[in-house]
Amino acid sequence: MREIFAGICPPDAIVAPKALRQRDPGYCDTSRKAGLLLCPDSTAMTAVICAAASRAGIGIVPQGGLTGLVDGTATTPGQIALSLERMTRILRIDSTQGVIVAEAGATLQAVNEAAAEHGMMTGIDIPSRGSCTIGGVIATNAGGIRVIRYGMTRDNVLGLTAVLSDGTVLDDMNTLIKNNTGYDLKQLFIGSEGTLGVVTAAVLKLFPRPAATAVALLDCPDLAAAQELLALTRARAGGDLMAYEAMWPDYYRLTSSHLCPGREPLPPDEGLKIIVETAGPDADGAEAVLLDIFEEGAEAALVRDGIIAKSQSEQAAIWSLREDSDLIARPHGAILS
C-alpha cells in the first residue's frame, strides 16, 4: 500500500502501521488500525491521494481531532486514515465582513484565538475546542454550548472546499452572508461524517466578542421547571442569552463528586442543574440580567437554589462541571454517554 502513495506524499507525511499504533486513538480504539496514516499539506495533495486511492480500490477514513464519541474514525488494516494535521493555516480574517477562512486541520481554539485578536469570535464552542479540528466540527455538524445563540455548525459555515473520493475538488469558498445563487452544496458535507468527501478549508462567520459575560448555576426541581425557566430566560435575556445547559442529577452528582468533592457549588440532589450564561455591556449589566432571572424563577417555583459566579475563575469552575467529563470518562473506561 505504501508504494502507491510514496510518490505523492513526502516521507514525513506517511505514518506506517507500527508508528501509527503508538499514537493516541482518541475515544475510538480502532482509530489507529489503518494500513497507513497520510497527512497531506494542501488541498491539491489531498486530491491526488483520493484519486490514487480510488483507482486502487482503497477506502479512506478522514480523521480530525479524534474527539468524537460515535466511532466515526474507526479503521481497518486495509484502509487509509487521512489527517489534515499539517493543514492548520488561518488564511484570512475580515472583522468588517465578519468572516474567517481557515484550513480544516486548524483547531477550533486556534481559530477563535486568531479571531479574538480582532475582537471577534466564531459562533461555535465545544468542550474539546483545544483538540477538535474545523474539518471534524463541520463533518459532525457539532453543536456545543453556543447553539441557543448562534445555531449549529451548519448555521455558521458560509463556504468550504471539499475533495471527493475520485479526487475532484469542490471549491465553494463563499464569503457572503447574502448569497442566493443556486444549490447550497456545502450543506451536503456538513454533518456527513466524511462519507461524501474530505473538507480541506472553510469560511466561518464571525461575531463581536461580548464585552462581558455572567454565569449562574441554578437548581430546578424537574424537567418541566427547567423548560419553563428556559422560556423565562429567553424573554428576559433576549439576544444576550449565550448559553443554557442542563445537567441531569446523575451527571452532576458524578462530575461534582470527582471535580470538587465536598465543596460542590450546589449540593447534588434529584433536581436538574442549569448553567445560564448571559452577555452585557459590562459585568454588572450581564449579572443584573441573571439576577432578575434567578429572582423571578424563584418566585415562580422554577428555581430552588442558585449561585452567580463573581469572577472568571468561578465561571470556569461552573463550566468545568459541564465540560470536564473527560477527566471522569478516561479512568472509568467505557461509559454510555
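Worth saying up front: this structure is predicted, and the values here are computed from it rather than measured. When a residue number appears, it is its place in the shown sequence, counting from 1.
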Any side-chain heavy-atom pair of [X] and [Y] under 4.5 Å:
X	Y	value
Val276	Leu218	yes
Pro17	Pro77	no
Gln97	Arg92	yes
Glu277	Trp319	yes
Arg236	Asp292	no
Leu84	Val198	yes
Tyr252	Glu264	yes
Trp248	Leu272	yes

- Mind running side chain to side chain contact (heavy atoms under 4.5 Å, CB included) on Gln22 and Val15 for me, showing each step along the way? CA-CA 11 Å; Gln22 296 173 354; Val15 181; over 6 Å; no
For [range], which residue pairs qualify under salt bridge (Lys or Arg N to Asp or Glu O under 4.0 Å), counting only residues two or more places apart or in two chains?
range	value
residues 158-178	none
residues 215-224	Asp219-Lys273, Asp219-Arg304
residues 250-259	Asp250-Arg253, Arg253-Glu270
residues 7-17	Asp12-Arg86

Can any side-chain N or O of [X] pair as donor or acceptor with the backbone N or O of [Y] at less than 3.5 Å?
X	Y	value
Asn156	Tyr150	yes
Ser54	Cys50	no
Thr88	Gly105	no
Ser42	Met45	yes
Thr278	Ala286	yes
Ser83	Cys39	no

- Chi angles and distances behind the side chain to side chain contact (heavy atoms under 4.5 Å, CB included) call for Ile49, Val163: CA-CA 10 Å; Ile49 289 171; Val163 179; over 6 Å; no
Are [X] and [Y] joined in one hydrophobic group, where the rule is that I, L, V, M, F, W and Y side chains link up if heavy atoms are under 4.5 Å apart?
X	Y	value
Ile293	Tyr244	yes
Val157	Phe207	no
Val289	Ile307	no
Leu170	Val203	no
Leu259	Val215	yes

Closest heavy-atom pair and its distance - [X], [Y]:
X	Y	result
Leu36	Leu20	C-CD2, 4.2 Å
Gln109	Gly130	OE1-CA, 3.4 Å
Ala81	Thr75	CB-CG2, 4.3 Å
Val111	Ala106	CG2-CB, 4.1 Å
Glu314	Ile308	OE1-O, 4.2 Å
Gly194	Ala139	N-CB, 4.1 Å

Using atom types as modelled, flag every donor-acceptor pair under 3.5 Å from a side chain in residues 60-70 to any protein atom, sequence neighbours excluded.
unit_1, atom_1, unit_2, atom_2, d
Gln63, OE1, Arg32, NH1, 3.2
Gln63, NE2, Ser31, O, 2.9
Gln63, NE2, Thr73, O, 2.9

How long is the span from the [atom1] atom in [X] to the [atom2] atom in [Y], to the nearest 0.5 Å?
X	Y	atom1	atom2	answer
Glu103	Thr43	CD	OG1	7.0 Å
Asp269	Asp305	CG	CG	8.5 Å
Leu321	Thr255	CG	OG1	5.0 Å
Arg322	Ile274	CZ	CD1	11.5 Å
Ile100	Leu206	CD1	CG	5.5 Å
Gln79	Leu37	CD	CG	13.0 Å

In chain order, what residues pass the side chain to side chain contact (heavy atoms under 4.5 Å, CB included) check against [X], with sequence neighbours excluded?
X	result
Glu228	Leu302
Pro281	none
Thr96	Asp94

- More than 12 foreign heavy atoms under 6.0 Å from CZ of Arg89: is that the case here? no
N/O donor to acceptor pairs below 3.5 angstrom from side-chain atoms of residues 116-127, sequence neighbours left out:
unit_1, atom_1, unit_2, atom_2, d
Thr122, OG1, Asn112, OD1, 3.0
Thr122, OG1, Asn112, ND2, 3.3
Thr122, OG1, Ile124, N, 3.3
Thr122, OG1, Ile124, O, 3.1
Asp125, OD1, Arg129, NE, 2.6
Asp125, OD1, Arg129, NH2, 3.2
Asp125, OD2, Arg129, NH2, 3.4

- All salt bridge (charged side-chain N to carboxylate O under 4.0 Å, His left out) counterparts of Arg55, not counting sequence neighbours: none
- Item | Pairing residues for Tyr251 by the ring-ring contact (aromatic ring centres under 6.0 Å, His included) criterion, not counting sequence neighbours | none
Please report, to 0.1 Å, the donor-acceptor pairs under 3.5 Å made by any side chain of residues 182-190, with sequence neighbours excluded.
unit_1, atom_1, unit_2, atom_2, d
Asp184, OD1, Lys186, NZ, 2.7
Asp184, OD2, Lys186, NZ, 3.1
Gln187, OE1, Arg154, NH1, 2.5
Gln187, NE2, Arg154, O, 3.3

- Might you work through the side chain to side chain contact (heavy atoms under 4.5 Å, CB included) test for Ile14 and Leu38, ending with a clear yes or no? CA-CA 5 Å; Ile14 302 175; Leu38 302 181; 3.9 Å; yes
- Please lay out, stage by stage, how Thr161 and Val169 fare under the test side chain to side chain contact (heavy atoms under 4.5 Å, CB included). CA-CA 7 Å; Thr161 297; Val169 177; 3.9 Å; yes
